[in-house]
Structure formats: C-alpha cells, structure tokens
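For clarity, every value in this text was computed on a predicted model and none was experimentally measured. First the proteins, then the strands, lettered A, B, ... as listed; each starts at 1.
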2 protein chains.
Amino acid sequence: MPATIRDVARASGVHISTVSRTFSAPHLVNPETRVRVLACAEELGYRPNRAARALITGRTHNIGLIIADIANPFFPPLIKAAEGQARHRDYHVFVADTNEDPAAEEELVHALAKQVDGVLLCSPRMSNALIEQVSREVPVVVINRQVTGLPCVMMDVGQGARAAIEHLLGLGHRQLALLGGPRGSWTNQQMRRAAGAAARSGGAELTVLGPNPPTETGGSALATQVRDSGVSAVLAYNDLMAIGLIEGLDHLGIRVPQDVSVVGVDDIALSRLTRPKLTTVATPTAAAGRTAVDMLLQHDSELRPRGGGRAAAVGDRRTTAQVMLQTELVIRDSTGPVPGRSRPGSVPDGPGPHRLADPGSPTVTTGGVVAS
Amino acid sequence: MPATIRDVARASGVHISTVSRTFSAPHLVNPETRVRVLACAEELGYRPNRAARALITGRTHNIGLIIADIANPFFPPLIKAAEGQARHRDYHVFVADTNEDPAAEEELVHALAKQVDGVLLCSPRMSNALIEQVSREVPVVVINRQVTGLPCVMMDVGQGARAAIEHLLGLGHRQLALLGGPRGSWTNQQMRRAAGAAARSGGAELTVLGPNPPTETGGSALATQVRDSGVSAVLAYNDLMAIGLIEGLDHLGIRVPQDVSVVGVDDIALSRLTRPKLTTVATPTAAAGRTAVDMLLQHDSELRPRGGGRAAAVGDRRTTAQVMLQTELVIRDSTGPVPGRSRPGSVPDGPGPHRLADPGSPTVTTGGVVAS
DNA sequence: GTGAAAGCGCTAACAC
DNA sequence: GTGTTAGCGCTTTCAC
C-alpha cells in the first residue's frame, strides 16, 4: 500500500512529473511547489520506487557482492570496506553467499544482475568462460582471481607464499608441506607454484597435501598426514586450515612450533587469539574491497545505454585494469627453528641468500604493487 | 545490451506476450512454439528482467536480511540458514550490513524495500517506533528483539543467562559480574534482568560492567575492572567479549578458570578453539534464520495487492507470531570451582535448589518454547 | 493458443 | 516552471 508518485501528485495538486522532478531534480521546480510536494510526500510516507526508477534510468545505485563463504572470517573485512567505499559514492551493497557452490554463484549473479549496477565476484568458483559470459550481462569486477579481459583485484599470495617458505628455510626447515585449499581456487594455484619454486631454490622438499575444504575441519583432517609425511614445517592455504591443523596436531601430541612450524595465510582476527599466535601471510582484504568498488564505479558518470542503442562490449571498456595488492608476512609464535638443529632462541644457519628481517621487526613486507 | 523480451519475440516470430507466457506460464503455450521461443531466448542469452516483472506482479522473490555486524561470527550461521531456507522456496537473500549504525539501518531497509518481498531485521538498533514505521512499507520479521505487533524470532537468552548463573552458583561462586553489550540491545536487557534475578535468589552479588562494544576489544578492555571488582566469575554479553576478557585477564596474570570463571553467550565456532575452551550459552542461530524466513514467507501464496486496491495493514496480518527459541548451556573449560573453596575436581557445595546436570552430560538444556 | 492493449511506478524529452 | 507524451521491460486481462 505504499504511496505512489500519483498519490503525491493528487494530494499536492500538481502533475506527477513535477513530483518526479521534486525528487530527482529539485532545482528545476519552484521552491513553493517543492515545499508543498515534499510536505505531501512526507505526509503520505511516499518513497520513490527505486526499481521503477532504475527501469528507466538504467541505474540502481546498488552493487552486488558475491561471496564464496560468508562464514569464512576472511571476507567480512572485505565486505565492510566495500560497503564503506560504496556508501561514499552513494551506493548500497547487497551481499550474497554462494556456499562455495558454482551453480548457486551463477544463479545469484543472474538474480542480482538487473537489480544492481555491477557485481563484485569474490573468489569465484565458476569457470572463466562462465565469468566472461556473466560479464556480458552485467559489469563485473573479479576479486581474488585473474580473468583476462576483465578488471581484477588480486592479492599477491605468490609473493606471500615465497616469503613464508623463505622464513621457514631461514629457520632451518628442509622438509616442508603445503596444505592445499579448494581445487578451483586461483589462490591455491598461485601459492603452489610460488611455494614450490621457493622450496626448490632453497634446496628443500615440498610435499603437497589436500586439496581440502578451506576450514578448520579441512585443516585438522590433515594432521595425521602431516605427521606421517615427516615434515617439520607447514604452509597452509589459509589461517582457518592452519588453526585446524594446529588443533589436530595437538591431539596427536605434536607441539607447535617446537615439533612442527605452521604458517597460515590471511591474518584473520582469530590468528592473534589462538595459542600459539599464528605466523601468517597478511592479505590486504580491506584494500581489495575498496579497490574493487572503485574500479566498478570508475565509469560512474557514463550513462547506461538506453532504447535501441547497443551497449559497449566488454572489450570497449576504457580500462580493464588488473591490480595486484601486496601481502605481508607476519611472524608470530607458530613458527620456530627446526627441531634438533639448534638451541631454542639461537639463530639457525640460513639457507644462503635467504635472509630475513632482523629479530626486532616483527613483520616483513613482501610482494610488489603491479598494475596494467 | 542484454536481450529484452522484444528481441526474443522478433527472433521467434511471435508476440511478446507469448514469450512472456513461455516463461511465466509455459503450459499455456503450444509446445512447438515454446521450444522455438526457448531456443531463441537461449541463443540471445535472454533473461527476464526480474525488476520489471516485479513492478507488475508485486513479487521479487528476494528477501532482504539486515545485519548489525557481518564481522560478528554470531551471524554467519544465521545467514546461511536463512539462505538455505529461502532457496528451498525459490527465493534469494540479499544481505546488508549496517555496522551497528541505526541510521544506516534505516537507509538500507528503504533501499531494499521495493526490491524484496520482505525484510528480516536482525538485532536491529533502530527504535521500536522506526521499526513499526518501516514495517508499513515492507513486510518485516524481527530477529533478536521483541516488538509488539510484529512477527519476532527471539532466543531465550534470559533462560540461558539464568542457567549460566546457576552453573556458577553451583561451582560456589558468589561474587559475579555481568559484562554488558551494546546499549540498544534487547538481548542485553533480557540477560541483565534474568542474571540479576538468578544471582539474587542464589544469594550472590552481581556487578554489572560496561556497556561495551560486543567485540574482543570490548571484552579485553574490561579486564582490569573485572580484576578490581574482586569477582570470581563473569558472564559476558557474548563469546567475543568473553574471549577478549580471557585474553585481557591473561595479560594481567589472572588465569581462567583457576582464578576467574568466564561464561560466554552464542557458542560461536571460535569458542571451541580458544584455550581454555569456552563455557557458553548456545543460541540456536540457524533455527532462528530458518524460522524467520518461514514466518516471512508464510503468506507466500497471497498475492500482493495491485492497482487501486489497498493492502492489508499490519494489523490485518493473520498471524503476528512471536517465537521464542530455547538456548542451551554448554559447559567447557572456562568455568571451574571458586578458588580457595574446594580442591580442584571436587564438587563444591551447591547453592541449594540449583542443581546442575551430572558430570557425564556436557550440556544442559534450558529455556522453553513459546509462541503466541 | 496467440495477439492487442493497458498499465506497474517512474523519468525524460518536448511543448507551452 | 509545469503539463503532456512516450516508454523502460514486463505481465495480464480480454478478444479472437
């Protein structure tokens, strides 16, 4: 029963177009009329129907944000940052969670497509082909994955993984393991490649375990495999898995970092709260959220095509920038010297050129800023 | 440039109304025509514009879910459950985060109003008056708060708080503290009232600290106050605050549960991962999400009013049920006997009638199911 | 079974 | 400065 523009027009004795103008172009309407219209609108509790407005203007002032798993603490900071940035530009963000399900992902993006001006695809599990198809229906910015031809915001987990491996090498570890995350994950690929290369060039062996779900359970389930593999240090796909693994190792009577060192990725808030506090590769999630919104809204001012005209194809987009954000290794308490190689507290002989930050500085910046 | 219904009509040589029927009432169209239309639609990548459809049918098949703080791990299970339930009924859920800001809350509900068939208001911080006003614009179900005249889904934190206090009394504690959460929180009121009553009837003293933000920081900030107050047990507004408090006490050299017992509320996943594992009042968040969706979609079949007709006012709604979901005390490792009263492991003399579950059962069910 | 016409709530030329 | 007209993409009577 909400009042429509017609109700307000009737009540204030003007034509509906005047009411329309009162809201969308107030300066074009006589101050006196405006006051009267506004009063009637207020009285009737009238609110312009944004959907109807969007039908004709082509702009909803909404952004869709599609997330693989809202329960993963990695995402909330990104969501918050995106919302903040969107609000600055007078946009609202609608979040949808896909439960790591590619089918749900596709469905949701279609459901959102016409109700938003663009969609942020965060850690998508869809195929590249599907992402490209979808991007023909609605402007898209991809986060946490590289898709050629589309604007992407990535975090340099490759560099992060390398820094983590070098940190472990510096502590004397030579038998390493990598806990793999979800199979479709771009991040997973990057980490695997970089960690493998870093281990090789340090003369170490890297065992890949998994893939497993990127959760605590996924991590703890790999505890026995870690034990049996005989490695002394582990790099996990993310903090959740790292924490799960530590938990699982604990059950097996294996202590971290005395017996095994563990490194996570993401630096979620939780990683500071567990015992031991987690050594991890911090990813700039907030920056990613902000950047993605900016990229999506870059052409804010350009009107969407109307009527018979055809829209600009993806290829026509002025900029399909791909941004790589840097990561940072945060050294806490879950990593230590390889057991039986040196006394606690002493500095183990490093692996040659791989030198770490001096003990006074708790963090090491890795990675670089890239754009194109 | 997405194809419209007209493009499909042109391509398949039928009138647009036939295309429309092909999608919204396929049985009314000749199978052959249907196949042809569908083929053309597929070819052109046509998708019905849900916003335009909603304009005339009055139903978007979307639900809005407004959340106070998406970073609070309390919410994701609720969101997931709501999404699952909605999907069963062929609805999509759009989540919006308000950052605990009442103004943002109001703005978002208006932004969503016309793009969804109803809104779930989760732990709203708005005034009751505002909630009622909003409910005149769009169907609303309130979660975690009681608003007379509106459908509500609540969790019986009052019972939970009472069970927690009785548990502590049973362990011999007589000097208790309650960490208060956000001022506008309904949950906060319920807890305070119930905890106060339970303490009183057990002959114990209850100090109320706070209110503070419902976060780890909010909890750890109260550590010195807890120490100075001389209490031996604390009930926190939620798990996050409890965990923060434990962390803060740790810094002060106060051990949990040896020196001070701590109980949280919510039973977030994290509460099983910290050391000590947290004793907490488990809230049925998933059930709340499911129930709220069901209540919102109860009148699924009833069409929204159209044309000149007036909609049913809120008062006309057949059922404005208010559901109270029961909570459960989960006893883990953050609570123990009052220091200096009994040997560890021995059963302290209870506070009379307050008897707890036998040691073999880790959980105690509290609260009751209520409806109206 | 299909087409024609009206209209959901709104904006955007174009007159006046 | 304001009213008129057309139409966004779609559904839904109502004829035929």
*Asks:* Just by distance, no angles: are the side chains of A:Asn62 and A:Gln115 close enough, under 3.5 Å, to form a donor-acceptor pair?
*Replies:*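 Judged by distance alone, the side chains do not pair up.
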
*Asks:* A:Ser20 side chain: which of C:dC8, D:dT11, C:dT11 is closest?
*Replies:* C:dT11

*Asks:* For DNA chain D, just give me the dot-bracket, please: Watson-Crick or G-U, both distances below 3.5 Å, ( ) intra-strand, [ ] crossing earlier pairs, | paired with another strand, . unpaired.
*Replies:* ||||.|||||||||||

*Asks:* Where is the tightest heavy-atom contact between B:Arg59 and B:Tyr91, given as atom of each residue plus distance?
*Replies:*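 Here B:Arg59 and B:Tyr91 meet closest at NH1-OH, 3.1 Å.
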
*Asks:* Between B:Asn72 (side chain only) and B:Asp69 (backbone N and O only), is there a donor and an acceptor less than 3.5 Å apart?
*Replies:* no

*Asks:* Rounding to a whole Å, what distance do you find between A:Leu55:CG and D:dT11:C1'?
*Replies:*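 Result: 13 Å.
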
*Asks:* Describe, in one word, how the ring planes of A:Tyr46 and A:Phe23 are oriented to each other, choosing from parallel (under 30°), tilted (30 to 60°) and perpendicular (over 60°).
*Replies:*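 It falls in the perpendicular class, over 60°.
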
*Asks:* Let's go through A:Arg125 and A:Asp101 carefully: what are the C-alpha distance in whole Å and the side-chain angles of both, what is the deciding distance for salt bridge (charged side-chain N to carboxylate O under 4.0 Å, His left out) to 0.1 Å, and is it a yes or a no?
*Replies:* CA-CA 7 Å; A:Arg125 307 292 185 230; A:Asp101 174 6; over 6 Å; no

*Asks:* Figure out the CZ/C1' separation between B:Arg47 and D:dC10, and round it to whole Å.
*Replies:* 17 Å

*Asks:* Report which part of the nucleic acid B:Val19 touches: base, sugar-phosphate, or nothing (heavy-atom distance under 4.0 Å, all strands).
*Replies:*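 Touches nothing.
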
*Asks:* Would the distance check show the side chain of A:Asp117 and the main-chain N or O of A:His61 forming a donor-acceptor pair, the cut-off being under 3.5 Å?
*Replies:*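 Here the side-chain-to-backbone pair exists.
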
*Asks:* B:Asn49 has an atom CG; how far is it from atom C1' of C:dC10, in whole Å?
*Replies:* 14 Å

*Asks:* Treating B:Thr18 as the side-chain partner and B:Val14 as the backbone partner, does any N or O pair qualify as donor plus acceptor under 3.5 Å?
*Replies:* no

*Asks:* Can you measure A:Leu28 atom CG to C:dA12 atom P for me and round it to whole angstrom units?
*Replies:*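 Those two atoms, CG and P, are 11 Å apart.
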
*Asks:* Looking only at atom P, what distance separates C:dG9 and D:dT2, rounded to whole Å?
*Replies:* 24 Å

*Asks:* CZ of A:Phe23 versus C1' of C:dT11: gap in Å, rounded?
*Replies:*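 Going from A:Phe23 (CZ) to C:dT11 (C1'), I get 14 Å.
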
*Asks:* Looking only at side-chain atoms of A:Thr33, point me to the closest of D:dG1, D:dC10, D:dT11.
*Replies:*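 Closest nucleotide among those given: D:dG1.
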
*Asks:* Would you say a side-chain N or O of A:Arg6 is under 4.0 Å from OP1 or OP2 of C:dC8?
*Replies:*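 Checking C:dC8 against A:Arg6, a side-chain N or O does come within under 4.0 Å of OP1 or OP2.
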
*Asks:* Among side-chain atoms of B:Asn99 and A:Glu83, is any donor-acceptor pair under 3.5 angstrom?
*Replies:*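 There is no such pair between these side chains.
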
*Asks:* Would you kindly give the NE2-to-P distance between A:His61 and C:dT11, to the nearest whole Å?
*Replies:*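 Distance, rounded to whole Å: 12 Å.
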
*Asks:* Would you mind reading off the distance between A:Asp7 atom CG and C:dC8 atom P, rounded to a whole angstrom?
*Replies:* 11 Å

*Asks:* Exactly one of A:Val95, A:Leu120, A:Val116 should register a side chain to side chain contact (heavy atoms under 4.5 Å, CB included) with A:Ile63. Which one does?
*Replies:*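 Result: among A:Val95, A:Leu120, A:Val116, A:Leu120 is the only option passing the side chain to side chain contact (heavy atoms under 4.5 Å, CB included) with A:Ile63.
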
*Asks:* Report all interatomic pairs (protein N or O, nucleotide N or O of nucleotides 4-6 of chain C) with separations under 3.5 Å.
*Replies:*
{"unit_1": "C:dA4", "atom_1": "OP2", "unit_2": "B:His15", "atom_2": "NE2", "d": "3.4"}

*Asks:* Would you mind reading off the distance between B:Arg36 atom CZ and C:dG1 atom P, rounded to a whole angstrom?
*Replies:*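 Rounded to whole Å, this separation is 15 Å.
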
*Asks:* D:dG9, D:dT11, D:dT2: which one has an atom nearest the side-chain heavy atoms of A:Val29?
*Replies:*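 The answer is D:dT2, which lies nearest to the side chain.
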
